[in-house]
Structure formats: structure tokens, C-alpha cells
Amino acid sequence: MKRVTLLLCLLLPTVALAAWKGPDGQPIADGESRRSVGDFGASLVITPDEKKFQREWDTQPEPPSLRTTDKVRVGQSVSAMVLFHGCRADQAGHCNVVARYFLLRPGGQREAAGDGPVWTQAPLPEGRIQLGQSNPTMAFDGNDAPGEYTLIAEVEDKVAGYTLKLAQTLHLSKDAGR
């Protein structure tokens, strides 16, 4: 696994309403793991070390260097992280963003992988990206078939009425090579 500076994190100071924006201020097209609608945007990343990811998010200057992956070996685990911007506040001034996670196995079987709140506090200032609070961990053992898995996150801003479906592919192998 290698250390990656997330393109998304390079965008921290330049995110604008209604779309993800690059350092040049130009919109970045939605992709499988990053989407936006209205003022709301979310991105799904997978990390091999949730605690380290959280610590780096909290302590590094912008943009932080965050370790992500699209590979895992049998006997290891990975965690899903949702980054988002632009949630809408309710009358009390709080967002209500939740996520439901699913794992699509190589044979096509879809199974629940957790759910929980992403953000229930006041929205961040305009143009800021926030790391969500719900970060499920998936462990893979000898009963899991090697191959391509897809982690799906349905991220919902309940106040705004927006739902974004995000997906990130993960390759499970039995050996260290891939």
C-alpha cells in the first residue's frame, strides 16, 4: 500500500457550492466515488488505517496527506471514510446527514455493511470539507473470495432531501503482491 495525497484534500480551500472544484477553480466532474447535488457533495475513500487517517485529518495543515487504498489482503481490514460539504441545517441549526453502507461481493451478492450518522452538528463554513463521523470497518478472512469488491455508500442529507450513491472498488487478494 502506498501513501496518497487525496486530490480531494488538495481541493479543501477551493470547494464551492454545487460541485467539487479543482485548484484552478474549475468544476471537477462527478465520479463513482465523488458526487454532488445542489449545495451538497460527498466523497467515499477507503483507508487501511482509520485511526491514522483521523489523526492526520485533525492535525495536519491543509491539504493533509492521507493514506488511502484500493487493495486489501485476506486477514486485513479497511475502513470507509466519507468526506462531504454543504449540508443543510434544520431549524435548530444542525445538519442531519446519514450513510448506509453495502458491500457488493465478486459474485454479485450485496450485503449490509453498516449505517450511521455522518454529521449531526452545525454545517461548516461555506467551502469547507468535513470528515464524516460514520466510518465502518470491513475485515476479510479466509472465507472471503479473492477478487473485486465494491463498497457502496448511500449518503443522505435528510434536511435537504438529497441522497448521493457513492461506490469505491476494492481488490481482495490472498498474497502481498496484489
Side-chain angles (χ1 to χ4, degrees), residues 1-70 78-102 113-137 151-170:
M1 290 183 230
K2 59 186 174 191
R3 189 158 190 83
V4 176
T5 299
L6 288 171
L7 170 64
L8 184 64
C9 292
L10 292 172
L11 313 177
L12 285 172
T14 59
V15 172
L17 295 177
W20 296 97
K21 303 255 182 182
D24 60 0
Q26 297 301 310
I28 297 174
D30 283 351
E32 287 292 313
S33 65
R34 179 189 60 246
R35 300 199 183 278
S36 59
V37 61
D39 299 344
F40 182 59
S43 180
L44 175 65
V45 296
I46 298 173
T47 182
D49 189 340
E50 177 186 358
K51 289 179 183 176
K52 186 173 183 179
F53 189 103
Q54 180 73 49
R55 185 174 56 252
E56 289 173 347
W57 181 270
D58 290 341
T59 61
Q60 288 190 12
E62 296 176 9
S65 177
L66 304 169
R67 187 170 176 181
T68 64
T69 191
D70 63 355
V78 293
S79 296
M81 312 296 274
V82 171
L83 304 162
F84 70 96
H85 68 86
C87 61
R88 190 172 299 168
D90 60 17
Q91 291 181 344
H94 296 98
C95 294
N96 186 4
V97 179
V98 298
R100 291 169 299 283
Y101 300 93
F102 303 91
D115 57 54
V118 173
W119 196 250
T120 57
Q121 300 174 33
L124 290 178
E126 183 178 316
R128 293 294 310 246
I129 296 175
Q130 178 60 43
L131 176 60
Q133 301 163 317
S134 173
N135 306 312
T137 297
L151 179 63
I152 298 166
E154 295 175 353
V155 182
E156 179 182 5
D157 182 334
K158 291 184 164 228
V159 177
Y162 297 137
T163 300
L164 301 173
K165 184 176 177 181
L166 310 172
Q168 184 69 42
T169 301
L170 184 65

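A heavy-atom distance below 4.5 Å is found between the side chains of Val37 and Leu164. Contact annotation: the side chain of Met81 approaches that of Val45 to within less than 4.5 Å [non-hydrogen atoms, C-beta and beyond]. Counting only heavy atoms from C-beta outward, the side chains of Glu50 and Thr137 approach each other to under 4.5 Å. Phe53 has its side chain within reach of Leu131: a pair of non-hydrogen atoms, C-beta onward, lies under 4.5 Å apart. The shortest side-chain heavy-atom distance between Gln130 and Gln121 does not fall under the 4.5 Å cut-off. With contacts defined as side-chain heavy-atom distances shorter than 4.5 Å, the pair Leu44/Leu151 qualifies. Using a 4.5 Å heavy-atom cutoff, the side chains of Val82 and Tyr101 are in contact.
Nearest heavy atom pair, residue Val155 against residue Ala42, reads CG1-CB, 4.2 Å. Contact between Pro136 and Ala113 at its shortest, heavy atoms only, is CB-O, 3.6 Å. Here the closest heavy-atom approach between residue Pro117 and residue Ser134 is recorded as O-CB, 2.9 Å. Between Thr47 and Thr69, the shortest heavy-atom distance links the atoms C-CG2, 4.3 Å. The two atoms that bring Pro48 and Arg67 nearest to each other are CG-NE, 3.6 Å, heavy atoms only.
With values rounded to the nearest 0.5 angstrom, Ile152 atom CD1 is found 9.5 Å from Thr169 atom OG1. From Ser43, atom OG reaches atom CD of Gln168 across 8.0 Å, with rounding to the nearest 0.5 Å. With values rounded to the nearest 0.5 angstrom, Arg55 atom CZ is found 11.5 Å from Leu66 atom CG.
Test Val118, Leu124, Val97 against Cys87 for side-chain contact (heavy atoms from CB on, under 4.5 Å) and you get one pass: Val97.
Ser33 contributes no side-chain N or O that, together with a main-chain N or O of Leu166, makes up a donor-acceptor pair within less than 3.5 Å. Side-chain atoms of Asp30 come within 3.5 Å of backbone atoms of Ser36 as a donor-acceptor pair (strictly under, hydrogens ignored).
The aromatic rings of Phe40 and Tyr162 sit parallel, their planes meeting at an angle under 30°, below the 60° perpendicular limit.
Sorted by first and then second residue, the salt bridge (Lys or Arg N to Asp or Glu O under 4.0 Å) pairs involving residues 155-167 (not counting sequence neighbours) are Arg100-Glu156.
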Thr120 vs Gln133, side-chain contact (heavy atoms from CB on, under 4.5 Å): CA-CA, chis, key distance, verdict: CA-CA 9 Å; Thr120 57; Gln133 301 163 317; 3.9 Å; yes
